[in-house]
Amino acid sequence: MSLSLYYALPALGSYAMLSIFFLRWPHLLHTPRAPTFRVRLAAHRGGSGELLESTMEAMENSMAQRSDLLELDCQLTRDKVVVVSHDENLYRQSGLNRDVGSLDFEDLPLYKEELEVYFSPGHFAHGSDRRMIRLEDLFQRFPRTPMSVEIKGNNEELICEIADLVRRYDRNEITIWASENRSVMKKCKAANPEMPLSFTISRGFWVLLSYYLGLLPFIPIPEKFFFCFLPNIINRTYFPFSCSCLNQLSAVVSKWLIMRKSLIRHLEERGVQVVFWCLNEESDFEAAFSVGATGVMTDYPTALRHYLDNRGPAAQTS
């Protein structure tokens, strides 16, 4: 054995043992963070499978099912009103080929009478309420309900308006910044650093890499929420690629990488809630909770509530 291996192998062995030890008992390195609220049932776009997405009627229905979190996306109108809308362009939602930012709030069109449920292709939601709502309307109607606000584009005005609304309604601890883009998330954090953060895509990849390199127990984690897609839904209700072969490959690889009980348990014990999206079938609810997920984000809050009350982990804790 060469001299370098003589020293390297024991060092690597010691590092691996320490990594495994602190992966299992992270409280010995990091002060545990008690959650302000806990998410079992998160309503995607306010519960877009049961009523028209992002409407007050959908939000009311989700709250009737005791949702722990309302997930929503925001856009900014021409007259600087923050509205709850997944799309910047209104064509899919209303049939009008205009951007939200090109219209005043009072001129926004009604939603279509039916909208396809994105994560349940071929299924459509209907509702009597077709009006787009302001974020402020939601804050007033549900003052203590946790919400996740996703920022799709790099709109600093929108970010600042949301940050100010959150402060005005004293919601700093119960309103989550969400964005896939790391640079956007930096601006969100700067605009209101008191709001909890969720992982961006690049940060999510970094956590996975750190886990497999054994670094995860030793690095700080400022985020409090990991909203992660469930690999089971790829090529079934979620199609990230146009090629079916790529979708099948990504489903297999991502399932192997992500669905690790030790990873999810470690994040939980570090104060990071792991919520899988966007799950609309009972078998998917079971898959998420079986690996230790904190909660599930769904388009069908009634179905998830039924599962939790009758067979899910929340049946023992609620």
Side-chain angles (χ1 to χ4, degrees), residues 42-49 51-59 69-121 124-125 127 129-139 147-166 175-192 195 197-202 227 229 238-242 277-278 297 299:
H44 181 243
R45 303 187 197 178
S48 62
L51 290 160
L52 292 177
E53 66 182 56
S54 304
T55 60
M56 188 63 78
E57 186 178 39
M59 307 290 177
L69 178 77
L70 296 175
E71 188 275 341
L72 45 102
D73 312 89
C74 288
Q75 308 289 345
L76 193 66
T77 64
R78 184 169 58 190
D79 53 344
K80 311 307 177 189
V81 176
V82 180
V83 293
V84 181
S85 172
H86 180 271
D87 300 355
E88 166 64 12
N89 187 275
L90 293 161
Y91 185 76
R92 178 189 65 87
Q93 299 169 163
S94 69
L96 178 66
N97 191 18
R98 295 280 298 274
D99 287 349
V100 172
S102 70
L103 297 169
D104 291 340
F105 175 69
E106 295 298 329
D107 298 326
L108 292 173
L110 296 175
Y111 285 120
K112 294 176 181 177
E113 293 184 356
E114 66 173 20
L115 290 172
E116 186 172 21
V117 184
Y118 184 83
F119 288 99
S120 290
F124 293 83
D129 182 3
R130 298 167 55 197
R131 294 167 298 173
M132 196 174 291
I133 55 174
R134 303 179 304 167
L135 181 62
E136 188 169 8
D137 297 330
L138 277 184
F139 286 176
M147 300 180 194
S148 171
V149 179
E150 182 168 0
I151 310 299
K152 296 290 187 185
N154 195 351
N155 188 330
E156 291 191 49
E157 260 192 310
L158 172 63
I159 292 168
C160 290
E161 290 288 342
I162 292 172
D164 289 343
L165 279 172
V166 169
T175 310
I176 305 166
W177 282 125
S179 177
E180 295 181 348
N181 188 293
R182 189 173 184 179
S183 64
V184 171
M185 186 61 81
K186 286 182 178 179
K187 293 175 182 178
C188 292
K189 184 179 179 181
N192 190 333
M195 292 168 59
L197 307 177
S198 61
F199 280 87
T200 61
I201 290 178
S202 61
F227 298 128
F229 71 90
Y238 177 48
F239 304 91
F241 303 105
S242 57
W277 59 264
C278 181
M297 188 178 294
D299 291 308

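Quick note: numbers below take in every heavy atom, side chains included, and nothing from hydrogens, waters or symmetry partners.
Taking CG of Asp299 as the start and CG of Leu51 as the end, the distance is 12.0 Å to the nearest 0.5 Å. Distance check: Cys160 SG to Leu165 CG gives 11.5 Å after rounding to the nearest 0.5 Å. Between Leu70 atom CG and Ile176 atom CD1 the span is 10.5 Å, to the nearest 0.5 Å.
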Under the side chain to side chain contact (heavy atoms under 4.5 Å, CB included) criterion, do Val184 and Ile159 qualify, and how do the steps go? CA-CA 9 Å; Val184 171; Ile159 292 168; 4.2 Å; yes
List the steps, then state whether side chain to side chain contact (heavy atoms under 4.5 Å, CB included) holds for Ile151 with Ile162. CA-CA 10 Å; Ile151 310 299; Ile162 292 172; 3.4 Å; yes
Ser48 and Phe119: side chain to side chain contact (heavy atoms under 4.5 Å, CB included), yes or no, with the steps? CA-CA 10 Å; Ser48 62; Phe119 288 99; over 6 Å; no
Pair Leu72, Val149 - check side chain to side chain contact (heavy atoms under 4.5 Å, CB included), show working. CA-CA 5 Å; Leu72 45 102; Val149 179; 3.9 Å; yes
Go through the steps to decide whether Asn181 and Ser179 satisfy the test side chain to side chain donor-acceptor pair (under 3.5 Å), and finish with yes or no. CA-CA 5 Å; Asn181 188 293; Ser179 177; 5.6 Å; no
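By the side chain to side chain contact (heavy atoms under 4.5 Å, CB included) test, Asp164 pairs with Arg167, sequence neighbours left out. Residues passing the side chain to side chain donor-acceptor pair (under 3.5 Å) test with Thr77 are Asp79, sequence neighbours excluded.
Annotation for Trp277 and Met297: closest pair CB-CB, 3.7 Å, computed over non-hydrogen atoms. Closest of all the heavy-atom pairs between Ser198 and Met185 is O-CE, 3.4 Å. When all heavy atoms are compared, the tightest approach of Ala58 to Leu52 is CB-O, 3.4 Å.
By the 4.0 Å N-to-carboxylate-O rule, Glu161 lies too far from Lys80 to be salt-bridged with it. For the pair Lys152 and Glu150, the salt-bridge criterion is met [side-chain N within less than 4.0 Å of a carboxylate O].
Judged by distance alone, the side chain of Asp129 and the main-chain N or O of Glu57 form a donor-acceptor pair under 3.5 Å. A distance-only check finds no donor-acceptor pair linking the side chain of Glu136 to the backbone of Val82 [under 3.5 Å]. At least one donor-acceptor pair closer than 3.5 Å links the side chain of Trp177 to the backbone N or O of Asn192. For the pair Asp104 (side chain) and Glu106 (backbone), a donor-acceptor distance under 3.5 Å is absent.
Put simply, the side chain of Arg130 does not reach to within 4.5 Å of the side chain of Ser94, judged on heavy atoms.
Tested against His86 for a side-chain hydrogen bond (donor to acceptor under 3.5 Å, both in side chains), the candidates Gln75, Glu53, Arg45, Gln93 yield a single pass: Arg45. Of the residues listed (Leu110, Asp137, Leu90), the one engaging Met132 in a side-chain contact (heavy atoms from CB on, under 4.5 Å) is Leu90, and it is the only one.
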